[in-house]
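Start at 1 with the first residue, then count along the sequence.
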Amino acid sequence: MTIENTNSIETSRRGFVKGAAALAGASLFVGFGTTGRVEAAASADLVPNPFVKITPEGRVFAIVKHIEMGQGTTTGLTSLVAEELDADWSQMDVAFAPADPATYGNKMMGGAQGTGGSTAMPSSFDLYRKAGATARDLMVRAAAETWSVPTSEVKVENGTVSHASGKSASFGELVGAASKLTPNAEPKLKSPDQFTKIGKGDLPRFDSTDKINGKAIFALDVRVPDMVVAVVKRPPQFGATLESFDDTEARKVKGVVDVKTIPQGVVVYAKNTWAAIKGRAAIEAKWDTSKAELRSTDQLIADYRAELDKPGIVARNEGDAAKAMGSAAKTVKADFTFPLLAHAPMETLNCVIKFDGSSAELWDGCQFPSLAQPVVAQILGLKPEQVKINSVYAGGSFGRRASPNSDYHAEAAQAVKAIEGKHPVQLVWTREDDIQNGMYRPMFVHRVEAGIGEDGMPVAYDHKLAGKSILIGTFFESMLVKDGLDQVSVEGASTLPYDIPNLRVDVRNTSGGPPALWWRSVGHTHTAYSTEIM
């Protein structure tokens, strides 16, 4: 893959495709400026925060600020623009927004630029509709002025602007005239009964064809000139550190170009992925495990169960569960154990990074630019704005690409720094790396006891949990953790909907063990099972 002005991407394997939005040419942009007002301008005078781009060829780009990792943002957000613009679905295109939290921040995440928690549509619904409606209004007024007719007589349907006189024009033909107009700050939006795309089940998914025919570009597809592939030999236990290594045999592997150390372990750089993997396998390494997590799964479970005998942080307390349990006609008690689970997205973790000493450029299916950008900048001695992130499709995530420490971005930055930017680096995690060295849905143990009355109905319910919080120590802690209680550790249990007069739920936050990370559906992945079985 070669880079042309860093805005378009060409891959020898898949052919030419567009990468991140190449916001250039005689195009009309519509977006929301820093004042919150809708703005539009010709590309020669670009406005900040663009959400819509219309080209002279009549292509309509939705500038998507939420990464597409299989959940459908390219379809959902694009449909909002197409709906209000009255564009034809076949003329729609997508470009991923650049890393710019001030412009593309997620208001439901405190303004951070990121995708997750099913917030893409609710946080962007009005925003993208308004951008589309503004573009439509400009098209209508441009046509009215060009044809000297009232705007009320101009019609827009399926990407064509027309008048009863028989005059018609495509969006592309009106771009020049529309660019000279002052946009309407409060364009009229459709009412739900006028929707032809929003909520319609027959609207084709936007990215399916490109993913089937190979045109869609994922981070693993990215190639830049003089790029090397890097894999990391990491310690076999969490918390272990490198003591010494011998790379003699690794350097003999055909295709290996260099070997360096970073805080996570030993990096092998090669001309291709297979050579890097073979080179890594040839390294002899000794690890210091004095501070490593050495407990087995069975020991971790035993330790967690022991925590259940200790007082917990109360998440819900109604009535007197202990007293009611003592007088119940019958009690039922059960322990539940939920193991660590790897996210295992279809596309393993990877990204490409280029560093020239004064700036850096990253290609990634980046779920949280607000996390990755400052981490990479700090490692490379740059300011966040000196790190450009080009977002591409991500092959799944389930939360893994949004780690609070941006672990794989940090590794990539350290890897390119270790060779002083001599080559762009594509850092690749193998599936084995993903399973052995990743971050996991946390292990949890539950102890649930129910008291049953003479009539067979529950009179008491006591639910104890022990597991690692996924929010404590992250930027979400201030928003979602209060007095040590991580709400997502107990959701589903603390929100039990059944009418039980005496109910108590408490949790113990464990420490140590493998690193934990949010996982799709979060607390409900374990509480739903334990509560419903009970």
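At a threshold of 4.5 Å between non-hydrogen side-chain atoms, the residues Leu341 and Trp519 count as touching. Annotation: side chain of Asp364 is not in contact with side chain of Val352 (no heavy-atom distance under 4.5 Å). Between Val232 and Leu427 there is a side-chain heavy-atom pair separated by less than 4.5 Å. Two residues are said to be in side-chain contact when any heavy atoms from C-beta on lie closer than 4.5 Å; Pro236 and Gln436 meet this criterion. A 4.5 Å side-chain heavy-atom check between Val228 and Gln426 finds every atom pair outside the cut-off. Two residues are said to be in side-chain contact when any heavy atoms from C-beta on lie closer than 4.5 Å; Val522 and Ile470 meet this criterion. Using a 4.5 Å heavy-atom cutoff, the side chains of Lys260 and Ile419 are in contact. Put simply, the side chain of Lys286 reaches to within 4.5 Å of the side chain of Ser244, judged on heavy atoms.
Side-chain polar atoms of Thr348 and Asp434 form no donor-acceptor pair below 3.5 angstrom. In this structure, a donor-acceptor pair under 3.5 Å is absent between the side chains of Gln367 and Thr115.
Taking the charged nitrogens against the carboxylate oxygens, Lys130 and Asp126 have no contact shorter than 4.0 Å, which rules out a salt bridge. Checked for salt-bridge contact, Arg129 and Glu84 meet the test: a charged N lies under 4.0 Å from a carboxylate O. Between Arg280 and Asp433 a salt bridge is recorded (basic side-chain N to carboxylate O distance below 4.0 Å). Between Arg205 and Asp207, at least one side-chain nitrogen of the basic residue sits less than 4.0 Å from a carboxylate oxygen of the acidic one, meeting the salt-bridge criterion. A salt bridge links Glu293 with Arg295: the closest approach of a Lys/Arg side-chain nitrogen to an acidic carboxylate oxygen falls below 4.0 angstrom. Ion pair Asp407/Arg401 not flagged as a salt bridge, since none of the NZ, NE, NH1 or NH2 atoms sits closer than 4.0 Å to an Asp/Glu carboxylate oxygen.
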Going by atom type alone, with no hydrogens or angles, which donor-acceptor pairs under 3.5 Å involve a side-chain atom of residues 264-274 and a protein atom two or more places apart or on another chain?
from, atom 1, to, atom 2, distance (Å)
Gln264, NE2, Gln414, OE1, 3.0
Tyr269, OH, Ala415, O, 2.7
Asn272, OD1, Trp274, N, 3.2
Asn272, OD1, Ala275, N, 2.7

Worked verdict on Asp258 versus Arg251 for salt bridge (charged side-chain N to carboxylate O under 4.0 Å, His left out) | CA-CA 7 Å; Asp258 211 342; Arg251 291 182 178 276; 3.4 Å; yes
Take Asn390 and Val392 through the test side-chain contact (heavy atoms from CB on, under 4.5 Å) and record every step on the way to the result.
-> CA-CA 7 Å; Asn390 303 292; Val392 294; 5.6 Å; no
Do Thr119 and Asn106 pass the side-chain hydrogen bond (donor to acceptor under 3.5 Å, both in side chains) test, and can you show the C-alpha distance, the side-chain angles, and the key distance before you say yes or no?
-> CA-CA 8 Å; Thr119 61; Asn106 184 338; 2.9 Å; yes
Start with the C-alpha distance between Asp246 and Ile283, add both sets of side-chain angles, then the distance that settles side-chain contact (heavy atoms from CB on, under 4.5 Å), and finish with yes or no.
-> CA-CA 6 Å; Asp246 184 349; Ile283 289 177; over 6 Å; no
Could you please spell out the steps behind the side-chain hydrogen bond (donor to acceptor under 3.5 Å, both in side chains) verdict for Asp100 and Gln113?
-> CA-CA 7 Å; Asp100 182 357; Gln113 186 176 356; over 6 Å; no
Check the pair Leu85, Ile54 against side-chain contact (heavy atoms from CB on, under 4.5 Å), reporting the backbone distance first and the verdict last.
-> CA-CA 11 Å; Leu85 180 56; Ile54 303 177; 4.3 Å; yes
Decide yes or no on side-chain contact (heavy atoms from CB on, under 4.5 Å) for Val375 and Leu371, but give the supporting numbers first.
-> CA-CA 7 Å; Val375 166; Leu371 295 177; 5.7 Å; no
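Atom CD of Glu477 is surrounded by more than 12 heavy atoms from other residues, nucleotides or ligands within 6.0 Å.
Put simply, the side chain of Thr525 never gets that close to the backbone of Ser521: no donor and acceptor are under 3.5 Å apart. With hydrogens and angles disregarded, a donor-acceptor distance shorter than 3.5 Å links the side chain of Arg59 to the backbone of Met92. Between the Asn350 side chain and the Leu220 main chain, a donor and an acceptor come within less than 3.5 Å of each other. Put simply, the side chain of Glu284 never gets that close to the backbone of Phe245: no donor and acceptor are under 3.5 Å apart. Lys468 contributes a side-chain N or O that, together with a main-chain N or O of Pro514, makes up a donor-acceptor pair within less than 3.5 Å. Not a single donor-acceptor pair under 3.5 Å links the side chain of Gln237 to the backbone N or O of Leu294. At distances below 3.5 Å, at least one donor-acceptor pair connects side-chain atoms of Asp356 with backbone N or O atoms of Ser359. Using modelled atom types, one side-chain atom of Ser397 and one backbone atom of Arg400 make a donor-acceptor pair closer than 3.5 Å. The backbone N or O of His409 lies less than 3.5 Å from no partner atom in the side chain of Ser406, so there is not a single donor-acceptor pair. In this structure a side-chain-to-backbone donor-acceptor pair under 3.5 Å is missing from Glu347 to Phe218.
How far CZ of Phe475 is from CG of Leu480: 9.5 Å, rounded to the nearest 0.5 Å. In this structure, the separation between OG on Ser489 and CG on Asn509 is 6.0 Å, given to the nearest 0.5 Å. Here the CD1-CE distance, from Ile353 to Met227, works out to 13.0 Å after rounding to the nearest 0.5 Å. Within the model, atoms NE2 of His423 and NZ of Lys354 stand 13.0 Å from one another, a figure rounded to the nearest 0.5 Å. Atom CD of Gln386 sits about 13.5 Å away from atom CD of Glu361, to the nearest 0.5 Å. Between the CG atom in Asp303 and the OG atom in Ser511 there is a gap of 10.0 Å [rounded to 0.5 Å].
Ring orientation note: the planes of Phe206 and Trp89 are nearly perpendicular, at an angle over 60° on the 30°/60° scale.
Closest of all the heavy-atom pairs between Ile262 and Glu411 is CD1-O, 4.2 Å. Closest approach of Gly132 to Val52, counting heavy atoms only: N-CG2, 4.2 Å. Heavy atoms only, all atoms of each residue included: Thr78 and Ala62 are closest at OG1-CB, 3.7 Å. Looking at every heavy atom in both residues, Ile472 comes nearest to Gly484 through CD1-O, 4.1 Å. Here the shortest heavy-atom pairing between Gly365 and Ala219 reads N-CB, 4.1 Å. What you find for Tyr304 and Gly467 is that their closest heavy atoms are CE2-CA, 4.0 Å.
For the pair Arg234 and Trp429, the cation sits on the ring face: its NZ or CZ lies under 6.0 Å from the ring centre, inside 45° of the axis. With a 6.0 Å cutoff to the six-membered ring centre and a 45° limit on the axis angle, Lys65 does not count as a cation-pi contact of Tyr104.
The six-membered or imidazole ring of Tyr393 lies near that of Phe96, with a centre-to-centre distance under 6.0 Å. Ring centroids of Phe398 and His343 are separated by 6.0 Å or more, keeping the two rings apart. Aromatic rings of Tyr128 and Phe51 (six-membered ring for Trp) have centroids within the 6.0 Å cut-off, being under it.
Shown here are the side chain to side chain contact (heavy atoms under 4.5 Å, CB included) partners of Thr474, two or more places apart in sequence or in another chain: Pro404, Leu471, Phe476, Trp518.
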